[in-house]
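Down below is the structure, laid out as structure tokens.
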Amino acid sequence: MKPLNELIRPNIQALKPYSSARDEYNGADASIFLDANENPYNTPNNRYPDPLQRELKKLIAPIKHVNAEQIFLGNGSDEAIDLVFRAFCRPGIDNVVAIDPTYGMYQVCAEINDINYRKVLLDGDFQFKASDMLAASDENTKLMFLCSPNNPTGNNLKRAEILELLDKFQGIVIVDEAYADFSEEPSFLKELDKHPNLIVLQTFSKAWGCAAIRLGIAFASPEIIRIFNKIKYPYNVNFLTQQEAIHMMQRHYEVQQWITSLLNERKRLIKEFEKLKCCRHIYPTNANFFLTKVTDAKKIYDYLVSKGIIVRNRTNVTLCKDCLRITIGTRPENDTLIEALKKYPENKENEDNV
Ligand code: PMP
């Protein structure tokens with residue numbers, strides 16, 4: 001890896017960050033706060049939240065086996081995705097490399113930040129080669145984006161290729177693990193200490209069941225986390241979100257139960273899906289969704305909408321022609337989906353012929 005100060009944008013390196021009232025207060029015992037122009041009457045949301053979410057990070061660190069200084073918390077992992085561009089990529093000059101297809105926000109953030117986004121096509125098994133990513137890069141490539149399990153394909157990327165990229169790429173490698181709780185593969189968090197160029201993204205939006213509170217996590221070296229803290233909005237994670245996440249940490253065991261039942265449901269739903277005449281293929285998945293190639297994605301999507309069931313039509317995504325992405329729901333939801341599909345004309349034909 002190049003030295004961090006060669007990767008970081010010069011203006012960010014030189015930036016003197018905004019210092020909020022609660023940054024300057026050093027946490028010494030105090031009971032009267034006349035420093036932040038807040039309303040003193042307890043609404044109870046009258047006080048600014050902790051800008052560095054210290055209490056929450058203290059709870060996350062032992063669960064994830066990292067130090068609190070290796071954690072950045074943001075308004076969804078989408079905030080962290082935007083911050084990596086703003087921290088490392090010079091608009092109009094630098095570029096990034098990403099697998100294709102993958103989560104759409106990497107490209108959107110690249111374009112918002114005026115950064116050239118280079119795509120490396122996955123193979124027929126939705127896998128990539130580190131050598132292809134490196135071949136697509138040049139001296140201005142600052143970041144590489146990997147997503148494992150990948151969205152929308154659902155599969156884990158090959159660990160050996162990710163490790164090779166971490167070893168050989170001179171810039172930052174982002175491994176988005178939004179769906180890793182549903183996978184049996186070990187997380188790349190274990191690699192953080194060995195690879196200073198690694199950023200791992202996780203989120204409270206999936207297995208943790210908290211998409212509404214908007215809380216994402218970036219794990220990286222303390223040096224990289226300090227850069228994020230320097231450029232983030234002062235109070236980027238609001239008080240209600242911090243409180244709710246602290247509360248959720250106490251429900252850790254329930255998260256494990258949800259994961260187990262969603263994995264059982266995934267198995268069951270896929271088995272049922274395979275029997276449908278409209279289903280051409282189901283791609284292997286390590287996530288809380290699966291990608292399926294169907295006879296006509298648009299028609300089936302519209303049919304399901306007419307039944308009040310919304311899945312994701314991915315037919316316009318690279319390598320995903322006529323594919324639907326289906327999130328695993330509760331057992332009754334999955335049953336309703338299957339029952340609706342059994343009544344889809346093409347599937348009924350099957351029945352009528354028996
Ligand atoms: N990464 C991936 C791979 C995702 O699929 C998503 C959400 N669909 C995100 C990140 C964003 O998650 P968050 O809700 O934490 O912003």
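Each ligand, and each atom within it, is numbered from 1 in the order the structure gives.
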Notebook entry, point to check: After noting the C-alpha distance and the side-chain angles of N264 and S261, does the key distance pass the side-chain hydrogen bond (donor to acceptor under 3.5 Å, both in side chains) rule?
Noted result: CA-CA 5 Å; N264 286 335; S261 58; over 6 Å; no
Please report which non-hydrogen protein atom sits nearest to [atom], along with the residue it belongs to and the distance in Å to one decimal place.
atom                    : result
atom 6 (C) of ligand 1  : Y103 CZ, 3.4 Å
atom 14 (O) of ligand 1 : S205 OG, 2.6 Å
atom 1 (N) of ligand 1  : D176 OD2, 2.6 Å
atom 12 (O) of ligand 1 : S77 OG, 3.2 Å

Item checked: Y103 and Y106 aromatic centres sub-6.0 Å ->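 Yes, they do, as the ring centres are separated by less than 6.0 Å.
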Notebook entry, point to check: How about F33 and Y48: are their ring centres within less than 6.0 Å of each other?
Noted result: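 Here the rings of Y48 and F33 have centres that are no less than 6.0 Å from each other.
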Item checked: Carboxylate-amine/guanidinium contact R22 D35, below 4.0 Å ->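 Salt bridge between R22 and D35, a charged N being under 4.0 Å from a carboxylate O: yes.
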Next item on the list: Could you tell me whether the side chain of N155 and the main chain of F126 form a donor-acceptor pair under 3.5 Å?
Entry: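 Yes; judged by distance alone, with no hydrogens or angles, the pair exists.
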Next item on the list: Return each pair, listed once, that meets salt bridge (Lys or Arg N to Asp or Glu O under 4.0 Å) where at least one residue sits in residues 153-172; pairs must be two or more places apart or across chains.
Entry: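 Every pair satisfying salt bridge (Lys or Arg N to Asp or Glu O under 4.0 Å) with a residue in residues 153-172: R159-E185, R159-E191, E164-K168.
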Please identify which atoms of ligand 1 are closer than 4.0 Å to at least one heavy atom of [X].
X    : answer
C147 : 3 (C)
T203 : 13 (P), 14 (O), 15 (O)
K206 : 7 (C), 8 (N)

Item checked: Whether R214 lies under 4.0 Å from ligand 1, heavy atom ->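 Under 4.0 Å: yes for R214.
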Note to self: Any atom of ligand 1 sitting under 4.0 Å from a heavy atom of A211?
What the structure shows: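 It does not, in that no heavy atom of A211 comes within the 4.0 Å cut-off of ligand 1.
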Next item on the list: Scan for side-chain hydrogen bond (donor to acceptor under 3.5 Å, both in side chains) pairs involving residues 127-137, sequence neighbours excluded, and state none if there are none.
Entry: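 Those involving residues 127-137 do not exist here.
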Notebook entry, point to check: Heavy atom under 4.0 Å from ligand 1: found in Y179's side chain, backbone, both, or neither?
Noted result: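 Within the 4.0 Å criterion, Y179 contacts ligand 1 through side-chain atoms alone.
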